[in-house]
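Heads up: the structure comes next, in structure tokens.
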Amino acid sequence: MKSAVPLSLSFCPARLDAIQSASGLILALFMWLHMLFVSSILLGKEAFWTVARFFEGYFILGRPFPLLVSLIVAAILALVVLHAVLALRKFPADWHQYRTFWRHAHRFPHSDTRLWLLQVITGFALFFLAPAHLYQMMAHPEMIGPYASADRVWSGHFWPLYLLLLVAVELHGGIGLYRLALKWGWFMGKDPARSRQRMKRGKWILTGLFIGVGLLALGAYIWIGIQHADRVGERYTPEWAKTETADETPLQPGPLLGSDARFAALADPGHPSSIQPAAEARP
Amino acid sequence: MSRALTFHIFRHTPGNPDSVPHLQDYSLEEAPGMTLFIALNRIREEQDPSLAFDFVCRAGVCGSCAMVINGLPGLACRTLTASLPPEITLLPLPVFELIGDLSVNTGKWMRAMSERLETWVHLQGEPDLDAVEAPMDPDLADEIYELDRCIECGCCIAACGTAQMREDFVGAVGLNKIARFRLDPRDRRTEPDYYRVIGDDAGVFGCMSLLGCHDVCPKGLSLQTQIAYLRRAMVRQGLTGPTRCL
Amino acid sequence: MKIFYTDVLVIGGGLAGLRTAVGVRRRGLDTLILSLVPPKRSHSVAAQGGMQASLANGVKSLGDNEEVHFQDTVRGSDWGCDQVVARLFTHMAPKAVRELAAWGVPWSRERQGERQAFINGEAVSFQVPSQAHGLIAARDFGGTKKWRTCYTSDGTGHAMLFAVSDQAIAAAIPVHERQEALALIHDGDRCQGAVVRDLVTGELRAYLARATVMATGGFGRIWGVSTNAIINEGIGQAIALETGVARLANLEAVQFHPTAIVPAGILVTEGCRGDGGLLRDVDGHRFMPDYEPEKKELASRDVVSRRMAEHMRKGKGVKGPFGDHLWLDISVLGRAHIEKNLREVKEICQYFLGIDPAVDFIPVRPTQHYSMGGIRTDHRGQSPWLQGLFACGEVACWDLHGFNRLGGNSVAETVVAGMLVGEYVADFCASPGGQIQISTGLARDFLRREQAHLDHLLAGPGQEDAIAIRQAMERVMTDRVGLFRKGPDLEAAVTELRELLVRARRLGVRNPHPGANPELVLAYRLPRMLKVALGAALGALARTESRGAHYREDYPGRNDRDWLKRTLLHWPEGSDLPVLEYEPLEVRAMELPPGFRGYGARDIRDHPDTAHRQAEVDALRGVGGEGDMSITQVDGVPSLQERLMPFHHLLPARYQGPNTRSSAPVNV
């Protein structure tokens with residue numbers, strides 16, 4: 001092996017390692033919950049509307065504060081950036097390393113090694129896919145709702161992004177969680193070899209389930225989006241709520257993100273969304 | 001009915017300027033109970049006296065003959081050809097310096113690893129050889145032996161994703177050794193001492209838990225458990241130790 | 001021309017060489033180890049069952065001490081060993097185990113409470129007292145009065161080798177790996193180092209040293225099938241022989257281990273029988289009690305091997321595609337015991353035989369295992385004929401084992417000899433004899449000679465096929481110099497080996513690459529192997545008696561009158577045969593005069609001094625035969641030991657202390 005590098009008693013590596021794992025764990029668990037929330041559309045528009053309003057604090061504070069969503073998204077984005085920066089340490093540092101590993105994975109018939117390659121590729125994809133989605137959500141927290149989301153997916157041409165994101169994030173997170181358990185020796189019980197096999201099977205089942213549910217949900221949004229294509233901008237409001245609030249979104253934009261900002265974002269011709277601002281859509 | 005085996009064997013002698021790396025094919029009729037030790041020796045005796053490979057104990061205990069057998073690192077001496085398909089590809093272990101054909105310099109790598117991790121019992125003074133030995137719990141002795149069974153064959157390094165990319169990674173063999181000495185009350189080192197040698201990305205934090213090591217270890221060492229255990233201990237040390245960072 | 005200088009050049013990176021180097025380094029000398037392979041791959045690693053040392057911790061070991069160990073060793077050797085060396089050894093063995101314990105060897109430990117064991121085919125249980133809890137445990141081995149073999153499961157050699165090798169790394173002792181000594185540099189009186197070939201680059205270098213220590217192991221690989229690692233080809237013995245002055249001794253004393261698996265010849269440890277395993281024949285019958293009613297499977301190795309061969313000759317062997325064999329049955333010990341204490345055996349059975357020893361019988365037969373003979377040294381490990389040349393471990397005839405070695409005594413010898421020889425070598429270096437005028441001219445001459453030899457092999461006109469000659473040699477040794485020996489066979493062996501040696505001088509090498517070239521390696525090793533083979537055959541032919549492992553069917557009795565002596569062998573330059581000489585063993589100096597080992601019928605022609613010496617010893621010991629066996633004087637009065645056979649003065653000062661024992665009370 002290469003002769004000893006100077007060894008300093010830095011306690012950094014321990015922290016970085018712990019933070020990488022912790023951020024990954026939080027993100028993966030968040031991602032699963034997020035998938036459940038998003039999939040509530042499969043239970044009906046109202047179910048999703050309720051979930052969306054819930055995160056805006058509607059049922060606690062009496063009226064929706066999309067800023068809360070922005071804050072959550074901002075936190076997630078920060079975690080993603082942190083996780084990505086830390087995970088970069090493990091990425092092949094140059095073409096030579098990348099090729100060496102690729103050859104190794106090719107030669108060595110070992111699924112966990114090949115899974116890592118998948119994790120690197122999906123991780124790399126997520127560098128681009130996740131921030132695009134997250135920024136959108138952070139900038140337009142109020143644009144979450146059965147019609148608004150469906151319009152974005154279909155009329156806003158976001159569905160290819162979501163399709164890739166879904167597959168990448170589920171694979172990456174699933175493998176990541178499995179890897180975390182091995183890395184820290186969680187749930188290993190008396191027979192670690194069997195636990196590992198079971199965990200790996202469980203991981204695939206969960207990943208499959210989530211991708212399946214995700215595809216169904218995406219299909220549902222696309223379906224709604226197609227149906228709603230001629231009414232882009234119209235917001236969904238449950239029947240019972242129509243007397244209370246006229247719309248699924250707050251009348252006033254959040255205090256942080258003024259309407260100007262929103263308009264500015266949407267005015268960008270390169271922006272994938274062509275959704276009309278909510279305010280205009282009010283009946 | 002014996003099978004006709006075809007061996008595709010990596011050939012290259014770096015010390016010979018005329019040598020070009022290539023796979024060379026050899027045919028051999030399978031015999032009952034034939035191991036790769038027997039097969040390779042027959043090829044050398046009957047077909048190609050220049051073929052280089054390493055065997056010492058030929059009984060699976062010395063670790064000399066590790067090579068990549070149809071993609072998997074393993075001990076050639078105890079691999080029965082009957083357990084392989086008729087097409088057998090043999091490559092030298094990657095990562096280690098190539099000496100010739102299937103022979104690699106694991107000794108040099110292991111010595112450097114040992115020096116770096118100080119893989120010996122750090123004594124507190126000279127032992128008194130006339131006195132009755134210090135008692136040790138029989139279970140602890142068994143546990144230490146369990147980790148002491150590593151034969152430094154290099155399979156774990158050849159199967160390690162990190163070791164392919166990072167030349168300075170100590171690998172499962174190194175981490176297992178630290179786990180072994182940590183367990184041994186005769187070694188006077190303490191947690192910061194261990195952290196000093198493996199508390200970085202060339203040590204335990206470099207491990208990405210791909211567990212190729214665990215899956216190919218010819219001695220069936222519990223590398224998965226040991227590395228996880230060590231990682232927890234080293235993170236504990238890192239989080240509770242002095243706060244110097246960067 | 002590359003020349004390396006050091007104080008002590010150690011050739012061989014196994015346990016003996018490593019421990020010697022650690023010792024001389026501790027004495028402040030510069031040292032360097034040459035090894036064919038990485039040290040942790042040495043043959044020492046294959047020692048499975050354990051190392052004998054009279055710690056007397058366990059219930060079945062109580063009452064054990066240096067004297068009992070000494071007597072077992074001398075009896076085991078069939079009185080062929082050097083008794084002073086045996087005394088030094090048994091005194092040191094407990095220290096060696098304890099040093100290794102401090103260095104991290106995870107010796108298996110005693111556990112208090114009820115202990116189940118399997119003895120003589122029956123399950124027994126006994127209580128291990130709490131005082132013994134956690135102390136180093138011992139198992140039973142053949143030819144011993146007590147349970148004395150300390151072990152770590154059945155990977156004892158591995159654990160020991162790794163601990164000692166790691167200590168050598170800790171001491172920053174350089175190991176030059178993949179280096180092969182081709183010749184000792186000497187001027188006829190004084191050894192000055194060695195000419196060494198780099199097995200990777202093919203380059204020759206000279207290593208010059210004040211003392212050269214050979215620790216290159218045995219020569220089992222001159223037989224077709226051997227339990228030895230394939231690097232044990234006797235090259236160390238051969239290059240000592242090729243000095244023309246250093247003597248080898250007792251090459252005919254070769255041990256065949258009873259239980260090597262068929263056909264691979266891989267050893268399964270004596271611990272199998274020590275722990276209660278049984279030998280069975282084609283009918284599943286346990287036959288050893290028929291031959292040796294007292295010690296049964298745990299008779300001395302030479303005896304068990306011969307009885308097995310005898311039984312197979314009676315047609316009781318199991319016929320197989322690779323010849324007859326017998327069964328070793330350890331299924332009686334139960335799966336739990338096998339998976340804890342005999343796990344290497346289990347792996348060997350699994351990988352090489354495809355069987356589960358907890359269920360199936362293991363096919364075994366006696367197989368070449370150990371060479372008691374080797375480079376003759378004095379008790380310091382130095383060749384009396386070539387100053388500055390030392391040897392220890394299996395390569396040496398120190399002479400701890402005489403004509404049969406006890407199981408567990410060889411791996412113990414490696415470290416004990418390493419501990420002692422390390423000190424003696426350091427003493428030598430500090431003495432006037434240890435000063436040396438290094439002659440680079442001499443080194444250059446030797447280098448040139450060896451280079452010319454290699455060049456000749458690579459470019460010369462030779463046409464002989466090394467592999468064919470090697471196979472012929474292996475056949476001769478297996479067929480004619482095996483377990484049972486006869487005059488006509490041995491004569492034929494000598495003739496055939498001489499012819500092979502002549503042919504081996506005309507070897508052809510097809511691959512002209514001077515670097516890593518296995519064909520070239522065989523070509524220069526083969527004549528050296530043949531010389532050792534010839535020495536063994538010649539020694540066996542000349543020795544017209546049976547002693548220990550050397551069994552002559554035409555001379556079945558032990559003949560102390562004519563043969564209580566060591567065969568010495570040297571090879572004068574230009575001669576085509578080695579010369580035999582003999583060195584008598586002094587009965588008058590023996591602590592344990594020659595007697596009957598207790599196997600089979602007594603068939604001994606006594607030495608004329610035996611009766612006299614026995615009377616002397618009896619008188620000194622008094623009526624009960626018991627006496628103060630302190631190794632040195634007590635209250636100014638010489639101890640019985642000192643009067644019988646003093647050895648204390650020969651020990652290095654640091655190792656003179658008496659061994660303490662835990663003396664747990666008997667509670668059976």
Side-chain angles (χ1 to χ4, degrees), chain B residues 13 15-16 32-33 35 44-45 49-64 78-80 99-101 103 105-108 110-111 114-115 118-123 127-138 140-142 144-145 148-149 151-152 181 184 186-187, chain C residues 37-38 40-41 43 45-46 95 98-99 101-104 106-111 133-136 152-153 155 158-159 162-163 166-167 169-170 175 177-178 200-201 229-231 263-264 266-267 321 340 344 347-348 351-352 467 510-511 513 515-519 655 657-662:
Chain B
T13 310
N16 184 348
T35 59
R44 183 149 87 187
E45 285 173 5
S50 69
L51 182 62
F53 48 76
D54 290 325
F55 288 97
V56 177
C57 76
R58 61 83 177 86
V61 295
C62 80
S64 301
R78 67 176 202 189
T79 301
L80 292 164
I99 289 172
D101 303 340
S103 169
N105 202 337
T106 49
K108 186 175 160 190
M110 294 295 168
R111 169 96 184 199
S114 272
E115 286 174 352
E118 302 179 10
T119 62
W120 55 83
V121 165
H122 288 51
L123 293 168
D128 179 357
L129 305 187
D130 300 338
V132 173
E133 67 277 7
M136 174 183 276
D137 186 80
L140 177 60
D142 292 347
I144 295 172
Y145 176 63
D148 198 58
R149 293 179 69 240
I151 57 174
E152 297 188 5
F181 288 106
D184 195 329
R186 295 165 293 201
D187 195 318
Chain C
V37 296
K40 285 171 179 166
R41 315 235 186 275
H43 184 51
V45 85
K95 299 185 200 304
R98 286 164 177 169
E99 180 177 77
W103 286 358
W107 297 112
S108 295
R109 302 288 174 144
E110 291 285 348
R111 186 189 304 275
H133 185 75
L135 296 179
I136 294 171
T152 54
S153 181
H158 166 89
F162 273 54
D166 284 340
Q167 287 298 321
I169 298 172
V175 180
E177 293 174 6
R178 294 179 189 266
V200 178
T201 64
I230 60 162
I231 52 172
I266 296 167
L267 178 77
K340 180 166 182 290
E344 296 297 337
E347 275 191 17
I348 287 167
Y351 284 104
F352 295 94
I467 287 163
R510 283 165 285 175
N511 177 7
H513 178 56
N517 181 347
E519 196 185 6
Y655 298 132
N659 297 309
T660 314
R661 292 189 172 75
S662 63

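Here is how names work: the chains are called A, B, and so on, in the same order as the sequence lines, proteins then strands, and each is numbered from 1.
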Interatomic distance, CZ@Arg44(B) vs CZ@Phe53(B), rounded to 0.5 Å, equals 3.5 Å
Assert top hit (heavy-atom pairs under 4.5 Å, partner chain C, pool Asp187(B), Thr79(B), Asp54(B)) equals Asp54(B)
Just list the side-chain donor-acceptor pairs under 3.5 Å for residues 55-64 of chain B, sequence neighbours left out, or say none.
from     : atom 1 : to        : atom 2 : distance (Å)
Arg58(B) : NH2    : Ser226(C) : O      : 2.5
Arg58(B) : NH2    : Gly265(C) : O      : 3.3

When the 4.5 angstrom heavy-atom criterion is applied to Glu110(C) and chain B, the contacting part is backbone
Does Glu152(B) reach the main-chain N or O of Lys40(C) with its side chain, forming a donor-acceptor pair under 3.5 Å?
no
Okay, Thr152(C) and chain B: the region with an atom under 4.5 Å from a heavy atom over there is both
Per-residue tally against chain B (heavy atom, under 4.5 Å) across Ala101(C), Ser108(C), Ala229(C), Gly134(C) peaks at Gly134(C)
Honestly, the part of Ile467(C) sitting under 4.5 Å from a heavy atom of chain B is side chain
Turns out that what part of Asp184(B) lies under 4.5 Å from chain C's heavy atoms comes down to side chain
| query | Any donor-acceptor pair under 3.5 Å linking the side chain of Arg186(B) with the backbone of Gly104(C)? | reply | yes
When the 4.5 angstrom heavy-atom criterion is applied to Glu177(C) and chain B, the contacting part is side chain
Under 4.5 Å to a heavy atom of chain B? For Ile230(C) that would be both
query: Do Phe181(B) and His122(B) have side-chain heavy atoms sitting under 4.5 Å apart?
result: no
Heaviest contributor of heavy-atom pairs below 4.5 Å to chain B, chosen from Ile169(C), Asn517(C), Ile136(C), is Ile169(C)
Per-residue tally against chain B (heavy atom, under 4.5 Å) across Ile231(C), Val200(C), Thr660(C), Val175(C) peaks at Thr660(C)
Sorted by chain and number, sequence neighbours left out, side-chain contact (heavy atoms from CB on, under 4.5 Å) with Ala264(C) holds for Ile261(C), Ile266(C)
query: Are Glu99(C) and Lys95(C) within salt-bridge range, i.e. N to O under 4.0 Å?
result: no
Checklist entry - Is the shortest heavy-atom distance from the side chain of Glu347(C) to the side chain of Arg78(B) under 4.5 Å? => result yes
Looking only at Glu118(B), Arg149(B), Glu45(B), most heavy-atom pairs under 4.5 Å shared with chain C are made by Arg149(B)
Quiz item: Can any side-chain N or O of Glu519(C) pair as donor or acceptor with the backbone N or O of Asn511(C) at less than 3.5 Å?
Solution: yes
Assert top hit (heavy-atom pairs under 4.5 Å, partner chain C, pool Asp142(B), Leu140(B), Asp128(B), Asp101(B)) equals Asp142(B)
Turns out that what part of Arg41(C) lies under 4.5 Å from chain B's heavy atoms comes down to both
Turns out that what part of His133(C) lies under 4.5 Å from chain B's heavy atoms comes down to both
Assert top hit (heavy-atom pairs under 4.5 Å, partner chain C, pool Leu80(B), Thr119(B), Ile144(B)) equals Thr119(B)
* Beyond-backbone contact of Met110(B) with Pro38(C), side-chain heavy atoms, under 4.5 angstrom -> no
Any heavy-atom pair between the side chains of Arg109(C) and Glu133(B) that's under 4.5 Å?
yes
Looking only at Thr35(B), Asn16(B), Val132(B), Val121(B), most heavy-atom pairs under 4.5 Å shared with chain C are made by Val132(B)
Most heavy-atom pairs under 4.5 Å with chain C, out of Leu51(B), Thr13(B), Ile151(B), belong to Ile151(B)
